[in-house]
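See below for the structure under consideration.
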Amino acid sequence: MKILALFCFQLISCLAAFSQHNNISLIPQPVSITKGNGNFVLPGIITIAVTKDRDLIKIQSMLSNQLAAATGKKVQLVMIQKNTRANSIALAIVADKNIPKEGYRLQVSASGISLKATSAAGIFYGLQTLLQLLPKEIESKTAIATSWKIPFVTIEDQPRFGWRGVMLDVVRHWFTKEQVKDFIDDMVRFKFNMLHLHLSDDQGWRIEIKSLPKLTEVGAWRAPRTGRWGDFTKPTPDEPKTYGGFYTQEDMKELIQYAKDRYVTIMPEIDIPGHSLAAVAAYPELTCTTDSTYQVNAGERFMIWPGNGTFYGILDNTLCPANEKVYTFLDKVFTEIAAIFPYEYIHMGGDECYKGYWEKSDAVKQLMQKEGLKDMHEVQSYFVKRVQQIINSKGKKMMGWDEIMEGGLASGASVMSWQGMKGGTAAAKARHPVVMSPNDFAYVDLYQGDPIAEPPTYSKVLLKKSYEFNPLPPGVDSNYILGGQCNLWSERLTTVRHMQYMLWPRALAIAESVWSPASKKNWPDFIKRVELQFDRFDISETNYSRSMYDPAFIAKKDGAGELQIEMTTQIEGLSIHYSFDEFPPDNFYPSYLKPLSVPKDAANLKVVTYRGKYQVGKPINMPIAELKKRAKIN
Ligand code: ACM
């Protein structure tokens, strides 16, 4: 009997330990986790104890609100002199040489929860970890009855990079101030600390500039269109321009404060000299062509991409580098931008500027002669240097997309590398500060599964690829890599639900790539944590994509010129079930084991992925004709 009891005890302890380990599932992965044995259970009345500090009092109030909402418990605040207090959640800013700036030490034990940091930011990040240690029900906006246990653990943590960014394009589709606040709330759960707002483009101008009122009177509005971006019809001149919006300067100051309270910095981007059609529609004298018929783009195609990365514009969406009025205009813009945004950097875009209209301009030809500029790259470089002087004159530093390197990078400029890591690597080697946001890893607006089963966009970045993002290329001095960020362009995102679908879970992969030590990254383990995070998203009603479960299709021509289909999954341990008989397969259908040939007359390959008995992927219908097209079989 005794032996049986001992066995049962051991089994129960073993199961308890197993469940404890399961309870600790954090994104991004911390530097070190030392697991204990047992759980701290939140008492009937939760006490948050803080050392005397204005920022901590703000932080505890956010924590109180979340705890009170989800647990239904009363939460009280007490002030403490020392840095712990039994049976409470004690938040303390301490002088401790072993805790780096932005780092924290979190201890959960029988005597309560102690969170220490040397800065309020560190406390804030530690609390995001604590929230992930709590049961998933903490994500609920209304009270849920559950056992409010937190596993005993000691976590020591600090970020790998200081710049952990997300870029949100609020131009192509407009997101309101409240929606941006929600976006910030979502970002900070994964310790992102930089919100790069793309505020101007061909489709809109989204920030009030009081000295240039037409920028928002005209530039913030376009003809409404619904459907497939790029295929839209060109607005007629008299068509009402009813879609859009902009942030007043007061709105933006409110957003900046909201972000600051959550340890997020907002960096503004004004995208020039290309991508400027909204500004040009408002002030046509800013282009070399001075065409006054231009309108804010409504999503109709006007840049043509014939391939190999080349492009041309069928209208002039650029500011004229040879027109002094442009620099006067930019001085006004950046004077006001500098006064609104406290951050030290202003991003001036600089990407994808079509220079065909510059080439034809007499004014540009004269400028080239006067300044000894050889080609259009040097003309752009001249423009960028003039912009940098303006931005510097407002007490700010300039950042731009990697095209600002063409024709010679201005000294003191910082580069955001989007065309892969190449530009950023070269810039860092030339001792310029760099943020890595390469399109092949960090563009979270691209396809995350096969286009046949996804909302329309272009190109592709699978979750696994995002997880491989390493902002520090080999051979580069880490002092010049500020960090990394993911970019969410919004041409094709009309709603917050769609925005969330593109962001999650790929932004989780980016969060881990910019926060966690490279040595802690582990793809299979990450996937387990992502799956537990999905349960949390379900409770917080945040949308996300499950496309990581779907297969990739590789269509090939076999030796006889016939179609051969291979399928792979990003995640180990899934089975792909398929049918050619028009019935949607389940796990009773054949499992994909080797490349498939197509039965005579079959029109569709239907697939779905399972893990064991459970369906995880979505049903996909792949037309054989589509696969033949991909394999170049007529
Ligand atoms: C970019 O994606 N054009 C920066």
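For the numbers below, each heavy atom of this structure counts, side chains included, while hydrogens, waters and symmetry mates do not. One-based numbering, in listed order, for ligands and for the atoms of each.
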Below 3.5 angstrom, do we get any N/O pair linking [X] and ligand 1?
X: D351; value: yes
X: H275; value: no
X: W418; value: no

Exactly one of H196, H275, H198 should register a ring pair (Phe, Tyr, Trp, His ring centres under 6.0 Å) with W401. Which one does?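 Passing option: H196.
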Nearest neighbour in protein (non-hydrogen) for atom 2 (O) of ligand 1: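 Going atom by atom, the protein heavy atom closest to atom 2 (O) of ligand 1 ends up being Y443 OH, 2.6 Å.
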Is it true that W489 and H173 have ring centroids separated by less than 6.0 Å?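 Aromatic pair excluded; centres sit 6.0 Å or further apart.
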Non-hydrogen atoms of I314 and R301 that approach each other most closely: CD1-O, 4.0 Å
Find out whether M499 and L168 are in side-chain contact, i.e. whether some heavy atom of one side chain is under 4.5 Å from a heavy atom of the other. yes
How far apart are the C-alpha atoms of W523 and L463, what are their side-chain angles, what is the distance that settles it, and do they pass the side-chain contact (heavy atoms from CB on, under 4.5 Å) test? CA-CA 10 Å; W523 169 247; L463 177 64; 3.9 Å; yes
Heavy-atom contacts with W489 under 4.0 Å: which atoms of ligand 1 show up? List them by number with element.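 Counting atoms of ligand 1 from 1, those under 4.0 Å from W489 are 1 (C), 2 (O), 4 (C).
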